[in-house]
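For this chain, numbers begin at 1 and follow the sequence in order.
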Amino acid sequence: MALSERVYQQRQATALLQKGVTLFDPLRIDIRGHLETAKEVEIDVGCLFEGDVSLGEGVKVGAYCVIKDATIGAGTVIAPFTHIVGTTIGQNNKIGPYARLRPGTILSDDTH
C-alpha cells in the first residue's frame with residue numbers, strides 16, 4: 001500500500017514539474033485531492049495539499065505547509081509551517097510563518 005502511494009505521489013509531482021512548477025524536492029510532496037497551479041509556482045519540501053486547492057501565478061509555498069480547500073491569489077507568499085483550511089486569499093499577500101487560517105477566512109489583496 002505504501003509503495004503504491006509513493007508511485008501515485010511521484011506521478012503527481014512529475015505532472016506538476018511538466019507544468020513548470022518548481023518543486024524543491026519532488027519526493028517530498030503529498031497531494032490528496034486536486035491541486036491546480038498557474039505559472040511560476042514554487043513549492044518547498046514537506047507540503048500537504050488536500051481537497052481542492054488553487055495556487056495563482058507566482059505563488060510561493062514554504063516548507064511543511066498544510067493547505068486544504070483553499071484558493072490562493074497570484075504573488076502570494078506562504079511562509080513555512082502555515083496551515084490553511086477553507087480559505088480564500090487575494091493577491092500579493094504574505095502569510096506566516098506558523099500562521100493558521102481557519103475555514104471561512106477571506107483575505108483581500110496585499111495583506112500581511
Side-chain angles (χ1 to χ4, degrees):
M1 184 70 143
L3 179 60
S4 63
E5 175 66 16
R6 283 296 98 208
V7 169
Y8 171 77
Q9 292 301 333
Q10 279 187 302
R11 287 182 184 153
Q12 296 286 85
T14 299
L16 289 172
L17 291 167
Q18 289 172 345
K19 271 185 84 173
V21 173
T22 299
L23 298 177
F24 287 37
D25 184 345
L27 298 177
R28 294 195 289 165
I29 184 172
D30 282 299
I31 302 168
R32 300 176 187 164
H34 177 73
L35 175 59
E36 179 182 325
T37 59
K39 297 176 187 176
E40 299 179 25
V41 168
E42 294 180 9
I43 302 172
D44 208 334
V45 300
C47 292
L48 170 62
F49 299 92
E50 295 182 304
D52 290 317
V53 176
S54 176
L55 304 177
E57 186 171 336
V59 168
K60 293 178 172 58
V61 181
Y64 303 104
C65 289
V66 176
I67 302 176
K68 179 178 181 179
D69 296 323
T71 300
I72 300 172
T76 294
V77 176
I78 309 295
F81 301 101
T82 295
H83 286 230
I84 298 171
V85 178
T87 300
T88 301
I89 298 172
Q91 297 182 5
N92 302 313
N93 287 289
K94 294 181 180 167
I95 311 298
Y98 299 99
R100 181 169 184 108
L101 301 180
R102 298 181 189 279
T105 301
I106 300 173
L107 299 178
S108 62
D109 297 344
D110 302 306
T111 301
H112 178 74

Y8: which residues meet the ring-ring contact (aromatic ring centres under 6.0 Å, His included) condition with it, sequence neighbours left out? none
Can you give me the closest heavy-atom contact between [X] and [Y], atom names plus distance?
X   : Y    : answer
A13 : P26  : CB-O, 3.4 Å
D69 : V53  : N-CG2, 3.8 Å
Q91 : D109 : N-OD1, 2.7 Å
G96 : T82  : CA-OG1, 3.7 Å
G73 : V59  : O-CG2, 3.2 Å

Which residues satisfy the side chain to side chain donor-acceptor pair (under 3.5 Å) test with T105, sequence neighbours excluded? none
Mind checking side chain to side chain donor-acceptor pair (under 3.5 Å) for N92 and listing every partner two or more places apart, or none if nothing turns up? none
Hey, is the main chain of E42 close enough, under 3.5 Å, to the side chain of T22 for a donor-acceptor pair? no
If you measure from CD1 on I67 to CD1 on I43, what distance do you get to the nearest 0.5 Å? 8.0 Å
Heavy-atom distance under 4.5 Å between the side chains of F49 and D30, does that happen here? no
Identify the residue among E50, Q12, R11 that makes a side chain to side chain contact (heavy atoms under 4.5 Å, CB included) with I31. Q12
Pick one: which of L35, L16, L55 meets side chain to side chain contact (heavy atoms under 4.5 Å, CB included) with V41? L55
Side-chain heavy atoms under 4.5 angstrom apart, residues restricted to Ile, Leu, Val, Met, Phe, Trp, Tyr: same cluster for L101 and V77? no
